[in-house]
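Scope of the values below: all heavy atoms of this structure, side chains included, with no hydrogens, waters or symmetry mates.
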Amino acid sequence: MSIKFSPIAEARKAELGAQFSAHRLDLDALTGFSAPIMGFDHFRASGPTFAPHPHAGFSAVSYLFEDSTGGLRNRDSLGHDLVIEPGAMVWTQAAHGVVHDEHPAVNGEEVHGLQLFVNLSRSHKNLPPRMIHASADQVPTVVTGQGARVRILTGCFNEIEGPIAPVEPFTFLDVTLSASFTYSVPNGQNVLIYVLSGALTLSALSEQRSLTAHQAIAARSLSRSEDVHLVPDQDAHVLILSGFDPQEPVAVYGPFIMNDQPGLQAAYSRYVEGKMGKLPPL
């Protein structure tokens, strides 16, 4: 068998005050198959929640679903200040370190989106930070012969490249299913499949699983590319995320993801010394 599945994991709802709630995915339940993903929040926000804060050693990704009522204002210590509109993405490759914040562009307008933390390998953790933005109209959309609608944010699908190119290969597809759909997991990569709404049956080789809204499963391609088939039991909205596991030690402290304690200490020191830049509160 050239593909192996994790157990099914639940994204359980958590609330942080009256203005922010998220279905937070339990990545530990995916038994290591979710790497390089280190954080996954399917969120709704209607007002400011987080003060300016640092990140280092990974990429912080913010994607707004097309049905989001409002936009998300994104600021960082690199000098960017923009509004992420519904259907758009900002990929903040924090690496050596950056300070940023995000909040609804219009207070009271609900923002519906995904925040994703994607780990960087040791060789890229100290690159200069970089922000990559793709507006909704820059995201290519493919409709397959079976009727699936696929938005390609990063990576490649049907030989069409997404507009965002991270330093390490990563595929991010937003897929609406009304009929069967096949995704080929690249050799050596992990794939995470999350059901936003609806329900589906997933199969590969002799393995079969059923998933409903706010559930996820991960799989690893062991020796060659392998097809995973998704058949919706009703119309389904699905995210497909695929990347390489760095297979390196991981050390986490708050907003920093490094390889060891000295790396964490160095990142923290850069932050308190102002070397990640400054971002004044609004």
- Item | Of Met38, Glu248, Glu168, the residue whose pairing with Leu120 passes side chain to side chain contact (heavy atoms under 4.5 Å, CB included) |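 Of the listed residues Met38, Glu248, Glu168, the side chain to side chain contact (heavy atoms under 4.5 Å, CB included) partner of Leu120 is Glu168.
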- Item | Sole residue of Thr49, Asn74, Thr92 in side chain to side chain donor-acceptor pair (under 3.5 Å) with Glu102 |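 Going through the options one by one, the only one that passes is Asn74.
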- Task: Please work out whether the ring planes of His42 and His214 are parallel, tilted or perpendicular, with thresholds of 30° and 60°.
- Result: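 Because their plane-to-plane angle lies in the 30° to 60° range, the rings of His42 and His214 count as tilted.
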- Query: Remaining members of Leu239's ILVMFWY cluster at a side-chain heavy-atom cut-off under 4.5 Å?
  - Reply: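 Leu25, Leu27, Leu30, Ile37, Phe40, Val61, Tyr63, Phe65, Met89, Trp91, Leu114, Leu116, Val118, Ile132, Val139, Leu153, Ile164, Phe170, Phe172, Leu192, Tyr194, Leu196, Leu241, listed by chain and number.
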- More than 12 non-hydrogen atoms from neighbouring residues, nucleotides or ligands closer than 6.0 Å to CZ on Arg24, yes or no?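 Not buried by this count: 12 neighbours or fewer within 6.0 Å.
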- Are there more than 12 heavy atoms of other residues, nucleotides or ligands under 6.0 Å from atom CZ of Phe244?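 Enclosed.
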- Is there a donor-acceptor contact under 3.5 Å from the side chain of Asp41 to the main chain of Phe43?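 A pair under 3.5 Å: no.
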- Message: Under 4.0 Å between a side-chain nitrogen and a carboxylate oxygen: does that hold for Asp26 and Arg12?
- Response: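 Looking at Arg12 together with Asp26, the answer is no, because their closest N to O distance does not fall below 4.0 Å.
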- Item | Salt-bridge criterion met for Glu273 and Lys275 (N-O under 4.0 Å) |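 Salt bridge between Glu273 and Lys275, a charged N being under 4.0 Å from a carboxylate O: yes.
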- Query: Between atom CG of Asn119 and atom CZ of Arg122, what is the distance when rounded to the nearest 0.5 Å?
  - Reply: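 These two atoms lie 11.0 Å from each other.
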- From Ser62 atom OG to Ile84 atom CD1, the distance as rounded to the nearest 0.5 Å: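 Rounded to the nearest 0.5 Å, the OG-CD1 separation comes out at 5.0 Å.
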- Heavy-atom closest pair, residues Ala136 and Ala88: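 Minimum heavy-atom separation between Ala136 and Ala88: N-CB, 3.7 Å.
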- Query: What residue pairs, at least two apart or across chains, pass ring pair (Phe, Tyr, Trp, His ring centres under 6.0 Å) with a residue in residues 134-162?
  - Reply: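 Ring pair (Phe, Tyr, Trp, His ring centres under 6.0 Å) check on residues 134-162 returns Phe157-Phe181.
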- With Glu66, which residues qualify under salt bridge (charged side-chain N to carboxylate O under 4.0 Å, His left out), at least two apart?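 With neighbours one apart ignored, the set is Arg149, Arg151.
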